[in-house]
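Comments concern the structure below.
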Amino acid sequence: MTVSVNEKLDLAHNFVLHTNQNIFLTGKAGTGKTTFLQQIKQLSAKRLVVVAPTGVAAINAGGVTIHSLFQLPFGPLTPGTTQREGKKFNKEKINLLRTLDLLVIDEISMVRSDVLDGIDEVLRRYRTSSAPFGGVQLLLIGDMQQLPPVIKDDDWALLKPYYETGYFFGSKALRQTSYVPIELTHIYRQTDERFISLLNSIREKTVTRAQLDNLNQRYIPDFSPGDDEGYITLATHNTAAQQINIQKLLALKGKPRTFTATVEGDFPAHTYPTDASLELKVGAQVMFIKNDISRDKLYYNGKIGRITDMDDSAIYVKSQQDGEDIVVYPVDWTNIKYTLDPATKEIKSEPIGTFRQMPLKLAWAITVHKSQGLTFEKAILDVSSAFAHGQVYVALSRCKTLDGLVLRSPIPAHSIKSELELEDFHQQVQLQTPNEQHLHQAKLTNQQHLLRELFSFERANSLLYRCRRVINEHASSLDAESSPILTQLTTSLREKASDVSGRFQQQLPSYFASDNLPEHNPALQDRVRKAGTYFKSLIGTELLPLLHSFPTDCDNKKVRDLLLETLDELEKELFSKQRSFESCQDGFNALSYLQARNRAELDFQPERKKHEPKAAEPTPSDGSARGGLYGALMKWRNDMAGEHNTSGFMVLPQKTIVELARVRPTNEAELLAVKGFGKTKVRQIGAEILRIVQENPSGRAASAGAPKTKVAKAPKEPKELSPAITLAFFQSGKTIAEIATERSLAVSTVESHLVRYVGTGELAVEALLPAQKLASIRAYIETYPSETLNQVRQSLGNDVSFSEIRFVQYALRAEAGGGGEE
C-alpha cells in the first residue's frame, strides 16, 4: 500500500501522541526528520525531553546530551555499570524522570547499544518500574546509513561479551520491547531524479558500476574555483579541513580581525558551535551556522558567503547564492537543562549558559561529520579516504544537485562501506512499516493498559505490606495505637478497594471485546465514571484520613524516619489514585489521565497529622491510659519541641510519657518515682506535667502505692469555652504571656486558641504580629506556598516562631475563604 508524504507524517505524530508505542523514525537525508522533531516539541501534549549523543547535536536539536541528563559515566557501560558508577540524582531530576511520558533521542545512529541500556537502567530505577525504560515511550530519530557510533577497539573488547552489535538496536532493553519503524521517503533537499536515484543506491549499497562511473565523471583534476564561486570542501578528517582553511586565510592580503565570544554560565567548550576566538579577513569564505530568526530571514544554517568588510561590531557578508549583502551581528546560542516549573509543574527547558559570537565559521572546508544536517549549492568532496560507514553518503547528500558537486579524487567502490547487519536491519524496518490498522490497535492497547493501571491497587497493597513489616519489626519502639489503625487500614484497602477493583477488572475484558476504543465506548465510560466516583470518595473520606491519623512518634530516629518514608510513599500513591479517579469524573481520556497522574506526583505534599490524639480513645486493658492524658502529654511535648527547635524525645521520652499516663502522679514525690524524671527535670517541667495530669482526670487511682492526698480542684471550665475565654482576655488587652500565667496554660496552648480565631477571621493577624514581621512571613509563604511549617521556619530563621508562621498561614486561608479549622 502506498502511503502519501503527509499520511506518513500524520501516522508518526499519532503514534507519538495517542499510543505508548516506541517509534523509530528514519528516512534518507533531507526527508524532514529534524522538522518533525521541532513540530513534536511544539505540539505534543505529553511531557517530553529531547536528548542527543553529542553536545553539538544536542544544541542543534534544542535538547541536552544523553550523558548529562542521565548522569552516565563515560566509556563502555557493561551491565550494572550505571548503578555502580552513576552519580546520585537530585529530587528535581527524579521528579522529572518519574513524570516523563516521552523521551526523544535524536541522531540515534550515533548512540551505542550499551548507552541505551544505561538509559534503561536509570529509568527503571527512578520510576520504580520493571518495564523496559521504566515504561517511558521512546521516539528514536535518525538514519542508520549516516554516521555510526564511535566505538574504540578497546571499548568493544569489553562490550563484545554482552552485545552482538554496537548499534542502538543491539540494546538488550530495546529487544525486550517492541517499536514501530516509520520511514520518511520524500526528499525535500534534492529534486534531480537522477541524483536522487544515485544517492538511494549508495545509501542502500546497491550502486552499480555504471552509476559509480557516472558519479566519478564529477572528478575534475586540479579543480581550483575562484573565491567568488562559493565552493566548500567536505573532508573526512578534521586536520585536512583545518589545513585548507588556514592556508586559504593566510593567502589573503589584509590584516586579520579577531572576534572573541562571550560565554556566560555553563557552556562547555566541546559544544561551542564555532571558534571562541574567530580570526577572519576581508575576502574570507564563511558559512552561516545558524538560521536568521529575524523577520527578514537573511541567512540560514549552511549558507555560504564572502566577507566584504568588517568593523568592531559587525561583519559584512555577500551571499554566494543570491549576491545579497548581509550585515552580521553576534547572536546567542543557549545551553539548556530540563527543570520542573514550580508553578505549572510542567517540564521546561531552562537556559544555564549562553555563547555569543558571530554566526560564522571559515568555510573553504569542513568535515563530513560537521556537515550533517546542512545543505550546499556547491561542494568539493574529498572522501576517497572515507574511514567510517556512511561518510560518503552523508557527504554526497549534502549537495542539492549532481552538477553542484566536484570530486577531489574518484570515489572507489571500497570507500562505500557496507555493513551486513545494517542491511538486514533496514530490510526488517521496511517489512514492519505500520498502517492505520496498526495505529488503531496501538491506541486500543494503550488505553486498555491505562485503564487496568487506573483500577489497580497493587502498588498501594505492596506499600502497605512494607509499612506492616516496619511496624512488626519495631513494635516495641512505636505507639501501641499504630497496630489497630494499620489493621483497619489493611482491611479497608483490601475489602473496599482491592476486592472491588478486582471485580471491576474482571469485567473489563467484556468491554474490551468491542473494537471501539475505550474512549469511545459509552457503556464502559459510564462504568468508569461511577467507579471513579466510588474510589475517589473511598480514598478521600476513609483511606487517607486513616493514614493521616497514624501515630509515628518514636524516640528511635532511624525507625521513625523509616516509618515516615514508607507512610509517605503510601500516602503519595493514594493521593495519585485520588487525583487520577478525579480526572475521570466526565469519563476516561488517556491524555487527561496521564496529565492528572503526573501532576499528582509533582503536587504531592505529605499531610498526615503526626501524634494527634483522637477525640475519644478507649483506655486499653493494660491500664496505660493512652487516651486523653497520653495525647495531652504528647501534644505538650511536641509543642515544646517545636518552640525550642529540638526533637520530641529530648523534651520527654515516649516511654516516660507512657509511664506518666499509667501512674498519673499528683505531686513532686510521685513524679520523682517515674523513670526518666530527676530533680532537675522536676524543677524544669514538673509543674507543667502535674497541671496536665490534673486537667485530664481518669477517675482511677494513680498508682498501686500509698494513698494520695486529695487535692481540692477548682471547677473546670467547659473545654469548648476555653478558646473563647482566651480570646476575651486577649481582646481586653492582655498579652499572650499574661494570659498563659493567669490561666495556668502553656504559651503554646494560648497561641493555639488564638490561631483558631485568626482562621475564622474573628481576630486580625495584625493584632498578633508587628507589621514588618507579618510582611516578611507573608511574602515568603506566598512565594513558596507548598513548603511545610519546618521548611518555612528553617528558611526564615529562629527570629520567627512556629506559632507566628501559623498565624500568617491561617490568615491567608481565611482570606482565601478556606477557614482555619483543621
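All heavy atoms count here, side chains included; hydrogens, waters and symmetry mates do not.
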Original post:
When the ring centroid of Phe807 is compared with that of Phe802, is the distance short of 6.0 Å?
Top reply: no
Do you know the tightest heavy-atom contact between [X] and [Y]?
{"X": "Tyr757", "Y": "Thr760", "answer": "O-OG1, 3.1 Å"}
{"X": "Ser580", "Y": "Ser583", "answer": "O-OG, 2.6 Å"}
{"X": "Ile485", "Y": "Leu546", "answer": "CG2-O, 3.7 Å"}
{"X": "Leu570", "Y": "Leu489", "answer": "CD2-CD2, 4.2 Å"}
{"X": "Asn461", "Y": "Leu493", "answer": "OD1-CD2, 3.4 Å"}
{"X": "Ala460", "Y": "Leu574", "answer": "CB-CD2, 4.3 Å"}

Subject >> Inter-residue atom distance Leu602.CG - Glu92.CD, 0.5 Å rounding >> reply: 10.0 Å
Verify the distance criterion only: is there a donor paired with an acceptor across the side chains of [X] and [Y] at less than 3.5 Å?
{"X": "Gln772", "Y": "Ser776", "value": "no"}
{"X": "Arg597", "Y": "Ser576", "value": "no"}
{"X": "Ser492", "Y": "Glu542", "value": "yes"}

So, does [X] use its side chain to make a donor-acceptor pair with the main chain of [Y] at under 3.5 Å?
{"X": "Glu804", "Y": "Ser801", "answer": "yes"}
{"X": "Glu670", "Y": "Thr666", "answer": "yes"}
{"X": "Asn335", "Y": "Asp266", "answer": "yes"}
{"X": "Ser592", "Y": "Phe588", "answer": "no"}
{"X": "Arg98", "Y": "Tyr126", "answer": "yes"}
{"X": "Asn598", "Y": "Thr99", "answer": "yes"}
{"X": "Thr487", "Y": "Ser483", "answer": "yes"}
{"X": "Lys46", "Y": "Leu594", "answer": "no"}

Measure the shortest side-chain to side-chain distance between [X] and [Y] over non-hydrogen atoms and say whether it is less than 4.5 angstrom.
{"X": "Pro665", "Y": "Leu660", "result": "yes"}
{"X": "Thr566", "Y": "Leu463", "result": "no"}
{"X": "Tyr593", "Y": "Phe581", "result": "no"}
{"X": "Phe604", "Y": "Glu571", "result": "yes"}
{"X": "Leu671", "Y": "Lys681", "result": "no"}
{"X": "Ile685", "Y": "Trp636", "result": "yes"}
{"X": "Leu763", "Y": "Leu768", "result": "yes"}
{"X": "Thr354", "Y": "Thr262", "result": "no"}

**OP:** Check the surroundings of atom CD in Glu659: do more than 12 heavy atoms from other residues, nucleotides or ligands lie under 6.0 Å from it?
**Re:** yes
Original post:
Is it true that atom CG of Asp332 has more than 12 heavy atoms of other residues, nucleotides or ligands lying nearer than 6.0 Å?
Top reply: yes
Original post:
What pairs of residues pass the ring-ring contact (aromatic ring centres under 6.0 Å, His included) test when at least one of them lies in residues 758-783, not counting sequence neighbours?
Top reply: Tyr780-Tyr784
**OP:** List the steps, then state whether salt bridge (Lys or Arg N to Asp or Glu O under 4.0 Å) holds for Arg127 with Glu601.
**Re:** CA-CA 11 Å; Arg127 291 171 64 88; Glu601 179 84 24; over 6 Å; no
Mark yes or no: [X] above the aromatic ring of [Y], with NZ or CZ under 6.0 Å from the six-membered ring centre and no more than 45 degrees from the axis.
{"X": "Lys577", "Y": "Phe535", "value": "no"}
{"X": "Arg468", "Y": "Tyr465", "value": "no"}
{"X": "Lys93", "Y": "Phe89", "value": "yes"}

Original post:
Can we say Glu668 and Arg683 salt-bridge, meaning some charged N sits less than 4.0 Å from an Asp/Glu carboxylate O?
Top reply: no
Original post:
Are Arg560 and Glu565 ion-paired here, with the side-chain N under 4.0 Å from a carboxylate O?
Top reply: no
Original post:
Per the side chain to side chain contact (heavy atoms under 4.5 Å, CB included) rule, which among Val765, Val808, Leu769, Leu812 passes with Val758?
Top reply: Val765
**OP:** In sequence, state the C-alpha distance, the side-chain angles, and the governing distance for Arg47 and Leu102, and then conclude on side chain to side chain contact (heavy atoms under 4.5 Å, CB included).
**Re:** CA-CA 6 Å; Arg47 297 169 63 83; Leu102 175 66; over 6 Å; no
**OP:** Quick one: do Arg579 and Asp603 satisfy salt bridge (Lys or Arg N to Asp or Glu O under 4.0 Å)? Show the steps, please.
**Re:** CA-CA 10 Å; Arg579 285 284 192 89; Asp603 286 346; 3.1 Å; yes
Original post:
Between Glu569 and Arg459, does a salt bridge (Lys or Arg N to Asp or Glu O under 4.0 Å) hold up when you go through it step by step?
Top reply: CA-CA 10 Å; Glu569 281 294 312; Arg459 176 164 167 74; 3.1 Å; yes
**OP:** Test Glu350 against Ile336 for side chain to side chain contact (heavy atoms under 4.5 Å, CB included), laying out the working first.
**Re:** CA-CA 5 Å; Glu350 177 182 301; Ile336 70 163; over 6 Å; no
**OP:** List for me each residue that meets side-chain hydrogen bond (donor to acceptor under 3.5 Å, both in side chains) alongside Lys41, sequence neighbours excluded, and say none if there are none.
**Re:** none
